[in-house]
There are 2 protein chains.
Amino acid sequence: MNKIDTRIWTTEEVAADLERAVLEHRLPPGTKLGEDELAEAYGISRTIVRAALQALAHKRLVELRRNRGAFIAQPSVREAREVFEARSLLEPRTARSAAERMTGADLAILQANIDEEHTALDAGESGKALLLSGQFHVEIARIAHQATIEAFVSELISRSSLIIALYWRRRAALCETQAHHALMKAFTAQDGDTAEQLMKSHLLDLVASLDLRAVTEPATSLREALGR
Amino acid sequence: MNKIDTRIWTTEEVAADLERAVLEHRLPPGTKLGEDELAEAYGISRTIVRAALQALAHKRLVELRRNRGAFIAQPSVREAREVFEARSLLEPRTARSAAERMTGADLAILQANIDEEHTALDAGESGKALLLSGQFHVEIARIAHQATIEAFVSELISRSSLIIALYWRRRAALCETQAHHALMKAFTAQDGDTAEQLMKSHLLDLVASLDLRAVTEPATSLREALGR
DNA sequence: GTCGGCATGATTGTATACAATACTGTGCGC
DNA sequence: GCGCACAGTATTGTATACAATCATGCCGAC
């Protein structure tokens, strides 16, 4: 790993940098994050690295195993379902609130996000596109002026990125942008009802595009995996 | 502060112990949590204390001000509204799920919780009663088999405890237990519809019993608090 | 040849030393 | 007497040293 070592990295910056790497699928689930390795890469001591890892662990992006180290989390099928269950409780109603208080400036921000995502996709940067696609959802919570829900949604989106890395099935990537376009129309019309409904089905679509039948449970899978 | 210093405290245990103190209103909002002070009290080094404080900060129970130290959080009026908005999105639907998959063992646990709360109230331990009252809500999320939502609800309950400490108005404390009793009946009947509705109005009751008109924003409060 | 135990190395857990920053009180100047 | 500057103190921020734990590979016994 190589980083520009003239910079002084704070705990939050290290955590954000690692999170971004995870969300862009540059760090796949299960990757070991050695403390010395990271400390050297960022040119800081393990103290900061540990604090950053603890922060990410609290967001469930990283799993800390005592005396073993930190690993990029590998959400189970159950956890994947739970994450989308939580999202389905929070996001549709939040999209409604957002639609109802949407301003021109907000619309511009959302549109810029979609445009950037298109640019990234055209450039073949699918990781960056996925990151932006998630930011779209977080932005909606911000527009609804619900900082608390925004924090939850942000965490759920991050975890969703891991889930997608593990369980994504469909290779056709165009469904995403279509749904966001449809939401934009509802937002522009300040149509809360429609926004709520669209978000609801968008989330259902997302779950449907995952392969959650898989019996890839890390803990209990061994005997089943061997079929005996 | 005095603790039994024969015990070896882990980070999680220290965090849990502090959280319990906050939830029981033994540590009021705004209290400074000095690192040396805590380290000595638990008989550990500042390393562990800092990790525990960071964990609590992530749950928004503690506010970390750079180079200033850690303080028990003082949720603003806005934050209070946001917390109950989030709860109103998560808890009613979760109560429905819980009701539908409620077992006899689950009912027993919930009933035991209510009984303990009564005992605590009779013994004048209002802090412990409040803690148990919160645990009732978390237990419901656990019964619904939604660990992710459970974690969110747990955080929201903890923050609600701070909010109650700051903005509680009604002194009559019996409304709480009544609502929980009503929920128990719906759970016993495995009546999801009723459980969802009861939880919804229970949360509305809670907000209604707070005084959120207050202009008690920490920053601007000093002059007003002195009335001049 | 395979299994189990042991030694070695690598990595994490914890404490502590030192540096940087913010708070407190005193003294000097006006 | 009042206000500001400065020094001293206390507290937090960061790095590092050491201890504890785990992983790996070798060697001997069966």
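Here is how names work: the chains are called A, B, and so on, in the same order as the sequence lines, proteins then strands, and each is numbered from 1.
- One can place CG of A:Asn67 at 10 Å from P of C:dT12, the figure rounded to the nearest angstrom.
- In this structure, A:Arg169 and A:Leu210 have side chains that are not in contact, with every pair of non-hydrogen atoms separated by 4.5 Å or more.
- Taking atom CZ of residue A:Arg50 and atom P of nucleotide D:dT16, one finds them 16 Å apart after rounding to whole Å.
- When the C1' atom of C:dT12 is taken as reference, atom CZ of A:Phe71 falls 11 Å away, rounded to whole Å.
- A:Arg66 places its CZ atom 8 Å from the P atom of D:dT21, with the value rounded to the nearest Å.
- B:Arg87 places none of its side-chain heavy atoms less than 4.5 Å from the side chain of B:Val153.
- Look at A:Ser45 and you'll find a side-chain N or O under 4.0 angstrom from OP1 or OP2 of D:dA15.
- In this structure, the nucleotide among C:dT11, D:dA15, C:dT16 sitting nearest to the side chain of A:Lys32 is C:dT11.
- Computed from coordinates, the B:Glu13 CD to C:dT14 P distance equals 11 Å when rounded to whole Å.
- The nearest whole Å value for the distance from the CZ atom in B:Arg46 to the C1' atom in D:dT16 is 14 Å.
- For A:Leu53 and C:dT12, the CG to P distance is 9 Å, given to the nearest whole Å.
- Side-chain rings of A:His118 and A:His180 stay apart, their centers remaining 6.0 Å or farther from each other.
- The residue among B:Asp36 and A:Ile48 whose nearest nucleotide of DNA chain D lies closer to the 5′ end is B:Asp36.
- In this structure, OH of B:Tyr42 is placed 15 Å from P of C:dA15, rounded to the nearest angstrom.
- Along DNA chain D, the nucleotide nearest to A:Thr11 and the one nearest to A:Arg68 differ in position, and the one closer to the 5' end is contacted by A:Thr11.
- Counting heavy atoms from C-beta on, the side chains of B:Leu162 and B:Val22 come closer than 4.5 Å.
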